[in-house]
Student: 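After the structure tokens below, expect a handful of questions from me.
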Protein chains: 2
Amino acid sequence: MGRKKITIKDVARESGLALSTVSNALAGKALVRPETRSHVVAVAQKLGYRASIAARTLRSQRSYAIGVLIEDVANPSASAFVRGVEDVVNRAGCTLLLANTDGDLERQVAAMNTLLDRDVDGLVLISQHLADARIREILGGDVPAVLVQRCDPDLDLDYVGGDNSDGILEALRYVHGLGHRRIGFLTGPRVSSSARERLEAFRRGVDELGLEDAESLTYEGRYSLEAGMEAAGFFSGMRRPPTCILASNDMSAIGLIQGLGERGLDVPKDISVVGLDDIELARIKAIDLTTIRLEKRNIGAEAAALLLRRIDTPEAPAARVIVPTKLIVRGTTAPVVSS
Amino acid sequence: MGRKKITIKDVARESGLALSTVSNALAGKALVRPETRSHVVAVAQKLGYRASIAARTLRSQRSYAIGVLIEDVANPSASAFVRGVEDVVNRAGCTLLLANTDGDLERQVAAMNTLLDRDVDGLVLISQHLADARIREILGGDVPAVLVQRCDPDLDLDYVGGDNSDGILEALRYVHGLGHRRIGFLTGPRVSSSARERLEAFRRGVDELGLEDAESLTYEGRYSLEAGMEAAGFFSGMRRPPTCILASNDMSAIGLIQGLGERGLDVPKDISVVGLDDIELARIKAIDLTTIRLEKRNIGAEAAALLLRRIDTPEAPAARVIVPTKLIVRGTTAPVVSS
DNA sequence: TTGTAGGCGTTATCAA
DNA sequence: TTGATAACGCCTACAA
């Protein structure tokens, strides 16, 4: 068990070569003779040499680490996203630094600064606070960054998100085909650009299909079980409740179904519900949720790929990747019954 | 927008003080006059000075980063755990480096080495491969490490885990009280020490309560929805199926219930089922799972606290923290019906 | 209390 | 092709 640290210096001494030669050999540079290189590698191996990433970072200003900022990994769709990011950056030899913000601005600013202090090569973030001056300043600096799910027209950055319009529109057409004309929408927080886009798509769809007034049938919730349950109160309390509700994510859809049930409304007999995400449990019989599938892990992978590309070619024009969605029809939607 | 890097040197020049004074002031050392310090801080602020963590790490051999090794963050109980770790280490000014291994030995070894190359101050790991020589060598080295959920008697390291015996025993007594005498056990993979402990507790409980043969009523699964569904085939295919089954986690319990349902067996009317974890969805009406609550986020927090302590006092004797469990009775358990 | 000098382990530049 | 030497930015004796 080697106690003290073996440095490149030790390898140089042991192999009888110069420091710089060893460094070049280990880095796989073309200018060292193959035999020299293999000798160096052998010695390094024998000595149990391990490169110090801190030293490398200091010298080369490249940390081979990328920072991921999200609200909360404990949220299933966030964790799938993180996983997707890790898959890709790892393959590129990068380590992932994780920061949870709980949506709090101060924590996000602090986390971003810490990440910058660590010389991360890039940042991937799902951020609510794109309008904040401090965040804009960081993002306006020269650290490569890609925005996920939430973007901002003033920020000329790479972006990856789900196809918000398409999914909503597809779902809307589907339930329209089922005979629904009075359709509710449980939207996400207004600060989320994805939520805004979906709301926009919902309104467009309502117009296009000639459905009833979208405005009064919209309820703003957060992306949580509780929010869904609250929304159930709102919708069921209406003079004429909608016959179908589109929710902004699966958790709130499930909460909504639960809340509706507590108020004596059966899904899908009385009201149809559509979720968004397609979390693992959506497919079990007890839940059996009709939902708009959005592969968060893919989004993470796309975001990571975009970031790596940007790190390589910083001057490339900002890209915008839209990950497609797909309607998965299960048991929470049914033809409307005329009462 | 400051382009080039501001170093401590710039702050020194600008404030007319010496490098070391600035360093000390910024580090909050007692030996600089308060007024000097505030002046330094002001100048640093004005210049937009940001400390280089890489440089600090190189110099001080302390990275203020800790590595977390898990199989897959996308797994809900893993992500809750990671969140718990982050909460605590973050408060201590540390950044979290995340590595997913998917349970693969090679990836785990590679990830651990990378983390070590980054001079992490410590490691938290949920590892299946504690018996592997390379892993033992790393763990036997001098990087502070805490083991989670899986431990190994030969490794003298800090450990945090759920109270495996207690939870199982409590559940067993509860269903025994409901009249169940023939109880199945859906265990986790044999490589997991937690799974082994739970199996052990199950057998002890079966003995203690004078229940039917534990051996033939045990099925080894993985911790997944699919594994639960497979187990349903095993249990329902028995000549005399159990009247109650304890599962090793909620996901497999839910899969089990689903699989049982597909085979015409109703839970809890025909068979009772108990899970373990208490994931967020366990409480919704559609699932309503009786389960042994194990707070993964707490486990993460405890692990992080232990690690921080160990980093401070490396020579302290290895600690063993057992996080208590609690039986949450819901709708998947019912009194046995004599047929 | 403040200033000076050296080194942490690499990589990069330039000679040889 | 290989070798010497200077950074990278910070911390910490030690000297003043």
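Everything numeric in this text was worked out from a predicted model, so none of it was measured. In what follows, every chain begins at residue 1, and chains take the letters A, B, ... in the order their sequences are listed.
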Student: So, is B/Tyr49 close to the D/dC10 phosphate, meaning a side-chain N or O under 4.0 Å from OP1 or OP2?
Tutor: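 So the side-chain polar atoms of B/Tyr49 do come within 4.0 Å of the phosphate oxygens OP1 or OP2 of D/dC10, strictly under.
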Student: Contact class for B/Arg62 vs. all strands (heavy atom < 4.0 Å): base, sugar-phosphate, or nothing?
Tutor: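 No contact at all - B/Arg62 keeps every heavy atom at 4.0 Å or more from the nucleic acid.
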Student: Roughly, in whole Å, what's the span from CG in B/Asn24 to P in D/dA15?
Tutor: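 In whole Å, D/dA15 P lies 17 Å from B/Asn24 CG.
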Student: If I take atom CZ in residue A/Arg50 and atom C1' in nucleotide C/dG9, what distance separates them, rounded to the nearest angstrom?
Tutor: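 One finds 15 Å between C1' of C/dG9 and CZ of A/Arg50, rounded.
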Student: Taking CD from A/Glu35 and P from D/dT1, how many angstroms apart are they, rounded to a whole number?
Tutor: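 Computing the A/Glu35:CD to D/dT1:P distance gives 10 Å.
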Student: Are B/Thr36 and C/dT2 close enough that a side-chain N or O sits under 4.0 Å from OP1 or OP2?
Tutor: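 Yes, B/Thr36 has a side-chain N/O under 4.0 Å of OP1/OP2 on C/dT2.
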Student: For a quick check under 3.5 Å, do A/Gln128 and A/Glu71 share a side-chain donor-acceptor pair by atom type?
Tutor: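 Yes.
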Student: Can you name the nearest heavy-atom pair linking B/Ile138 to B/Val143, along with the distance?
Tutor: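 So the two residues come closest at O-CG1, 4.0 Å.
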Student: Just one of A/Asp102, A/Thr101, A/Asn100 clears the side-chain hydrogen bond (donor to acceptor under 3.5 Å, both in side chains) bar with A/Arg107, so which one?
Tutor: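 Testing A/Arg107 for a side-chain hydrogen bond (donor to acceptor under 3.5 Å, both in side chains) against A/Asp102, A/Thr101, A/Asn100 leaves exactly one candidate, A/Asp102.
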Student: Taking CG from A/Asp119 and C1' from D/dC10, how many angstroms apart are they, rounded to a whole number?
Tutor: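 Rounded to whole Å, this separation is 12 Å.
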Student: Which atoms form the tightest heavy-atom contact between B/Val124 and B/Phe81, and what is the distance?
Tutor: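 Reported closest heavy-atom pair: CG1-CZ, 3.5 Å.
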Student: Take the protein atom NZ of B/Lys9 and the nucleotide atom P of C/dT4, then report the distance between them rounded to whole Å.
Tutor: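 After rounding, the gap between these two atoms is 13 Å.
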Student: For C/dT10, take OP1 and OP2 only and decide whether either is under 4.0 Å from a side-chain N or O of A/Ser52.
Tutor: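 For C/dT10, neither OP1 nor OP2 has a side-chain N or O of A/Ser52 closer than 4.0 Å.
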Student: Does OP1 or OP2 of C/dT11 have a side-chain N or O of A/Gln61 closer than 4.0 Å?
Tutor: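 Result: no.
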Student: Compare side-chain N and O positions of A/Ser60 against OP1 and OP2 of C/dT10 and report whether any pair is under 4.0 Å apart.
Tutor: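 For C/dT10, OP1/OP2 do not have a side-chain N/O of A/Ser60 under 4.0 Å.
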Student: B/Ile8 CD1 to C/dG3 P: how many Å, rounded?
Tutor: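 B/Ile8 atom CD1 is separated from C/dG3 atom P by 13 Å.
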Student: Nearest heavy atom decides the nucleotide; on that basis, is B/Thr21 or A/Arg56 closer to the 5' end of DNA chain C?
Tutor: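 Looking at DNA chain C, the more 5' nearest nucleotide goes with B/Thr21.
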Student: Tell me whether the side-chain N/O atoms of B/Arg33 come closer than 4.0 Å to OP1 or OP2 in C/dT1.
Tutor: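 Looking at the OP1 and OP2 atoms of C/dT1, neither is under 4.0 Å from any side-chain N or O of B/Arg33.
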Student: Which is more 5' along DNA chain C, the nucleotide nearest B/Leu31 or the one nearest B/Ala55? Just name the residue.
Tutor: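 By nearest-heavy-atom nucleotide position, the 5'-most residue is B/Leu31.
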Student: Do the side chain of B/Ser20 and the base of C/dT4 come within less than 3.5 angstrom through a donor-acceptor pair of N or O atoms?
Tutor: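 When only heavy-atom distances are counted, B/Ser20 does reach the base of C/dT4 through a donor-acceptor pair under 3.5 Å.
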Student: Are side-chain heavy atoms of B/Lys296 and B/Gln149 found at a separation under 4.5 Å?
Tutor: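 Yes; the side chains approach each other to less than 4.5 Å.
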Student: Atom CD1 of A/Ile6 and atom P of C/dG9: how far apart are they, to the nearest Å?
Tutor: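 Whole-Å distance recorded here is 11 Å.
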Student: B/Leu58 side chain: which of D/dC11, D/dG3, C/dC8 is closest?
Tutor: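 So the side chain of B/Leu58 is nearest to C/dC8.
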Student: Which is true for B/Arg37 with a 4.0 Å heavy-atom rule: it touches a base, it touches only sugar-phosphate, or it touches nothing?
Tutor: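 The residue B/Arg37 makes no contact with any strand.
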Student: Classify the nucleic acid contact of A/Ala27 as base, sugar-phosphate or nothing, counting any heavy atom under 4.0 Å across all strands shown.
Tutor: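 If one applies the 4.0 Å heavy-atom cut-off, A/Ala27 turns out to touch nothing in the nucleic acid.
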Student: Tell me whether the count of non-hydrogen atoms from other residues, nucleotides or ligands lying under 6.0 Å of OH in B/Tyr64 goes above 12.
Tutor: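 Open.
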Student: Would you say B/Lys29 places a side-chain N or O within less than 4.0 Å of OP1 or OP2 belonging to C/dT1?
Tutor: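 Indeed not, no polar side-chain atom of B/Lys29 lies that close.
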Student: For a quick check, tell me whether the side chain of A/Arg59 and the base of C/dT10 share a donor-acceptor pair closer than 3.5 Å.
Tutor: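 No.
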Student: To the nearest Å, how far apart are B/Arg13 CZ and D/dG9 C1'?
Tutor: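 After rounding, the gap between these two atoms is 14 Å.
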